[in-house]
Number of protein chains: 2
Amino acid sequence: MLSHTEENHLKAIFHLSKDQNEGVSTNSIAQNLKTKAPSVTDMLKKLCDKNLITYKKYQGALLTDDGRKTALNIIRKHRLWEVFLVEKLEFNWSEVHEVAEQLEHIKSKKLINELDRFLGYPTKDPHGDPIPNPAGFIKHTTKVLLSDLKKGEKGTFVGVKDSSSAFLKFLDKRKISLGSLIEILHIEDFDDSLHVSIGNTNLTISMKSANNIYLKKQ
Amino acid sequence: MLSHTEENHLKAIFHLSKDQNEGVSTNSIAQNLKTKAPSVTDMLKKLCDKNLITYKKYQGALLTDDGRKTALNIIRKHRLWEVFLVEKLEFNWSEVHEVAEQLEHIKSKKLINELDRFLGYPTKDPHGDPIPNPAGFIKHTTKVLLSDLKKGEKGTFVGVKDSSSAFLKFLDKRKISLGSLIEILHIEDFDDSLHVSIGNTNLTISMKSANNIYLKKQ
DNA sequence: AATTATTTTTAGATTAATCTAAAAATTTTG
DNA sequence: CAAAATTTTTAGATTAATCTAAAAATAATT
Ligand SMILES: [Mn+2]
Ligand SMILES: [Mn+2]
Ligand SMILES: [Mn+2]
Ligand SMILES: [Mn+2]
């Protein structure tokens, strides 16, 4: 039985893993979990002893198959609870993360499987992220950043890269929600800001924001 | 912010409080929480420092107003989650307690108030126990043990004293569920066992079981 | 390649929650 | 009411999670 802290480390390592070969650095984990490097080093040793990661001094951490499966199970719980909060408890998508961080550690196979059924087996969380199945299989869809589109191209808003509460509220204010059709009307030379149409309104989006909006290209 | 352990101690003290004057003993708390007396003594000192209980050496613990309100808030969460598990996630009433013991520690005012609304503001949990309101007010109903009834008397099954999984399954097996009308047909002299009618079937109930069944007298 | 900068680990301390064994206080009993 | 039994507390140790400061290793730069 893993502690909350152990589970949080596994999840952080999963989210920070880009490359299969390159270990996730101690500092990046510390930053992600708002803790300090020595605490992470201790935890990496422990997770290595439990065969959830491979870890050699100064070489960062890599999830084992077992560790990866464990991480995906926690992410599954996190995302299912987020769906529950939005669909059933009328939370805004900007409010769910903090509570899901707590709920993801509840231990009960039956609970999460029944929750999944109750929610109608959702495949995406409120931020557009895929929900792993009970076996830890995750379905990726091809998506592209709004900032990578050219003038005249369009796509459907399917997810956010930055899911901070601040950014989500920013999107709410501009009525940009998952499923919106976005088309690039013009790209400003001076500051790379984008003039886009969303539904039947036009607005300007900064490069920084465009860099956090995922689209499914059409 | 209280730890799980602190919250569990407050809840135990609440459940073990009979008398307003008599402090709850260290050993009874230890037994209730499956821990040892020295651990409890340490925790009592801490809770006293936080003004959640009054505690004088060798005199047991008494909840302060603040402590009582905190305990009732945890109990409110526990019981609302139990309702959720039974009503929405198809748990049996014998399966919910363990999971609710975890869920009751999730910290989010909004979560619990929205859950309450989602469930339709229930007043009782699946075992017939009352759900405190957000202010910590709890509504008691008069009820009597089946074992206290005399021949010919009857009542509605409204709660259990022993809510162990074993007893709840025992009741399931005999199709005795909350709301059943129970009438005492005969009391056996030899072993005090009860012949009762439940709905349209008759059966025999031991004194030990009758001592754990609450009825609303009719 | 040597120096400097950065990252990571080790060393050592702290706080919380737990335990066993022993001492102290209270309660029960003859 | 004194002795015995029970309960409670204290003393001291252990494990987990955390931190700061210092040492060691690695990476980047002249
Ligand atoms: Mn989240
Ligand atoms: Mn999410
Ligand atoms: Mn319960
Ligand atoms: Mn209950």
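Each chain gets a letter, A, B and so on, in the order the sequences are listed, and its residues count up from 1.
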Given protein heavy atoms under 4.0 Å, the one-letter contact record of nucleotides 20-27 of chain D, with B base, S sugar-phosphate only and - none, is simply BB--BSS-

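- For H127(A), the side-chain hydrogen bond (donor to acceptor under 3.5 Å, both in side chains) partners are E82(A), not counting sequence neighbours.
- A cation-pi contact, defined as under 6.0 Å to the ring centre and within 45° of the axis, is absent between K161(B) and Y214(B).
- Rounded to a whole Å, the CG atom of L44(B) is 10 Å from the C1' atom of dT8(D).
- Contact between the side-chain N/O atoms of Y55(A) and the OP1/OP2 oxygens of dT8(C) is not found at any separation under 4.0 Å.
- For the pair S3(A) and dA16(D), the criterion of a side-chain N or O lying under 4.0 Å from OP1 or OP2 is not met.
- For K208(B), there are no salt bridge (Lys or Arg N to Asp or Glu O under 4.0 Å) partners two or more places apart in sequence or in a different chain.
- By the ring pair (Phe, Tyr, Trp, His ring centres under 6.0 Å) test, F170(B) pairs with F167(B), sequence neighbours left out.
- Here dA25(C) presents its P atom at 17 Å from NZ of K56(B), a figure rounded to the nearest Å.
- At whole-Å resolution of the value, CG in L47(A) and P in dA16(D) are 13 Å apart.
- In this structure, T5(A) reaches the dT18(D) phosphate: one of its side-chain N or O atoms is under 4.0 Å from OP1 or OP2.
- Using a cutoff of 4.0 Å between basic side-chain nitrogens and carboxylate oxygens, E90(A) and R117(B) are scored as salt-bridged.
- No donor-acceptor pair under 3.5 Å is formed between the side chain of K107(A) and the backbone N or O of M1(A).
- Remark: S25(A), T26(A), N27(A) in residues 13-31 of chain A come within less than 4.0 Å of DNA chain C through at least one heavy atom.
- Rounded to an integer number of Å, the gap from M43(B) CE to dT9(D) P is 14 Å.
- Taking the centre and axis of the six-membered ring of Y55(B), the NZ or CZ atom of K45(B) falls outside the cone set by 45° and 6.0 Å.
- When the C1' atom of dT18(C) is taken as reference, atom NE2 of H4(B) falls 16 Å away, rounded to whole Å.
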Every protein N/O within reach of nucleotides 12-15 of chain C N/O, cut-off under 3.5 Å:
none

